[in-house]
Amino acid sequence: MNFRKQCLRAGLVLALSLGALSPVAMAAQTDAERQAVILSMFKDGATLTEDVHREFWSGLKDPEAAVSRSSTERVAFALQNTIELERATLASYKASIQQRKPVVDKSYEQALMTRVEMMRMRKLSTDPVLAKDKAFRESLVPVSKGQSFEIGGNKVSMTSAIIDKELLRLDASRARLERLLNPVWTPLGN
């Protein structure tokens, strides 16, 4: 094999080996890492540090990071909708307990419509969302009577104390998410 063919072959091997480090591959890996950071904001006891914030935003301000930014924004929007849906569910349970009749909070309907629309836009089946909605609405009757209900084969009892605890958890998650998604670092309590 002549020298030129050897150089071409070596160049091809090098190009293929570096292909794993292409901007597209690196962006996909970084995207997954950012999504993991976003999801970690929902764990009990999660904290957001300045280092995590800085790492999350590194490269996102670059104009070439538009795809990564867009993907991150979609994930964040879906998670914010999840928080709104959970919060509205809890508000409905609390109102049902207080009024001793099934009550669906107005914010629930809006959050549900947003979730269904998101699923349709992504051409995904809305069946799981609608099934969850049906189960939620059916659970309002026993909750309003102070009785337990079943979710996924488990008996669940709702009390005002449990609801208040869950609302605090959701508020903490929302606050962490909002701080993370703000490109300017904001220390806790500011």
Side-chain angles (χ1 to χ4, degrees), residues 31-50 52-57 60 68-99 102-140 143-144 149-152 154 156-190:
D31 229 25
E33 290 169 0
R34 282 193 181 99
Q35 290 178 18
V37 170
I38 289 171
L39 290 172
S40 75
M41 296 296 108
F42 291 89
K43 293 181 181 173
D44 286 336
T47 57
L48 176 61
T49 65
E50 187 173 2
V52 169
H53 184 269
R54 187 180 316 108
E55 183 66 27
F56 178 84
W57 281 97
L60 278 181
S68 183
R69 225 180 5 258
S70 175
S71 175
T72 300
E73 288 168 359
R74 277 193 311 275
V75 170
F77 182 75
L79 289 174
Q80 287 169 334
N81 174 255
T82 298
I83 290 172
E84 291 167 10
L85 206 49
E86 283 186 46
R87 184 169 243 307
T89 299
L90 292 169
S92 298
Y93 284 148
K94 192 165 194 164
S96 296
I97 290 169
Q98 292 170 341
Q99 296 179 31
V103 177
V104 177
D105 192 81
K106 291 177 188 175
S107 62
Y108 178 85
E109 299 295 349
Q110 182 60 46
L112 177 65
M113 286 181 3
T114 300
R115 174 58 53 96
V116 168
E117 187 58 34
M118 285 188 320
M119 300 294 281
R120 286 182 180 149
M121 286 174 43
R122 294 182 63 210
K123 296 185 180 7
L124 298 172
S125 171
T126 58
D127 291 349
V129 174
L130 297 176
K132 203 171 181 181
D133 172 56
K134 182 180 181 217
F136 157 70
R137 290 175 192 275
E138 290 172 353
S139 72
L140 289 172
V143 167
S144 69
F149 60 97
E150 207 169 297
I151 295 179
N154 297 319
V156 176
S157 295
M158 270 304 152
T159 64
S160 290
I162 290 171
I163 292 168
D164 290 341
K165 182 179 175 185
E166 286 301 303
L167 286 170
L168 287 173
R169 182 189 60 77
L170 276 176
D171 289 343
S173 294
R174 179 190 299 247
R176 282 189 298 270
L177 185 62
E178 287 174 357
R179 287 177 51 230
L180 176 67
L181 296 177
N182 181 348
V184 177
W185 168 248
T186 308
L188 190 59
N190 287 348

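Any value given below was found using the heavy atoms of this structure, including those in side chains, with hydrogens, waters and symmetry copies removed.
Look at R137 and E109 and you find a salt bridge, because one of the NZ, NE, NH1 or NH2 atoms lies within 4.0 Å of a carboxylate O, short of that distance. Checked for salt-bridge contact, R87 and E84 miss the test: no charged N lies under 4.0 Å from a carboxylate O.
When all heavy atoms of F149 and S139 are compared, the pair lying nearest together is CD1-CB, 3.4 Å. Here the closest non-hydrogen pair linking L177 and Q80 is CD2-CG, 3.6 Å.
Here the CE-CG distance, from M119 to L130, works out to 9.0 Å after rounding to the nearest 0.5 Å. How far CG of L188 is from CZ of R179: 5.0 Å, rounded to the nearest 0.5 Å. Separation of atoms OG1 (T126) and CG (L112) is listed at 9.5 Å; rounding is to 0.5 Å. Between the CE atom in M113 and the CG atom in L85 there is a gap of 12.5 Å [rounded to 0.5 Å]. From E166, atom CD reaches atom OG1 of T89 across 11.5 Å, with rounding to the nearest 0.5 Å. For the atom pair CD of Q98 and OG of S144, the computed distance is 12.5 Å after rounding to the nearest 0.5 Å.
Annotation: side chain of K94 is in contact with side chain of D164 (closest heavy-atom distance under 4.5 Å). Between E178 and N182 the shortest side-chain heavy-atom distance does not fall below 4.5 Å.
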Under the side-chain contact (heavy atoms from CB on, under 4.5 Å) rule, what do R115 and D133 come out as? Steps first, then yes or no, please. CA-CA 11 Å; R115 174 58 53 96; D133 172 56; over 6 Å; no
With side-chain contact (heavy atoms from CB on, under 4.5 Å) as the criterion, how do Q110 and T114 come out once you've worked through the C-alpha distance, each side chain's angles and the decisive distance to 0.1 Å? CA-CA 6 Å; Q110 182 60 46; T114 300; 3.5 Å; yes
Worked check of side-chain contact (heavy atoms from CB on, under 4.5 Å) between F56 and I38: CA-CA 9 Å; F56 178 84; I38 289 171; 3.7 Å; yes
Test side-chain contact (heavy atoms from CB on, under 4.5 Å) applied to L140 and S92, step by step: CA-CA 8 Å; L140 289 172; S92 298; 4.2 Å; yes
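R176 places no side-chain N or O within 3.5 Å of a backbone atom of L48 that could act as its donor or acceptor partner. Between the side chain of T159 and the backbone N or O of I162, at least one donor-acceptor pair lies under 3.5 Å. When atom types are taken as modelled, the side chain of H53 and the backbone of P187 share no donor-acceptor pair closer than 3.5 angstrom. Using modelled atom types, one side-chain atom of N81 and one backbone atom of A111 make a donor-acceptor pair closer than 3.5 Å. With hydrogens and angles ignored, the 3.5 Å screen pairs a side-chain donor or acceptor of W57 with a backbone N or O of L180.
Around CZ of R122, the count of heavy atoms belonging to other residues, nucleotides or ligands within 6.0 Å does not exceed 12.
When ring centroids are compared, F136 and Y93 come within the 6.0 Å threshold.
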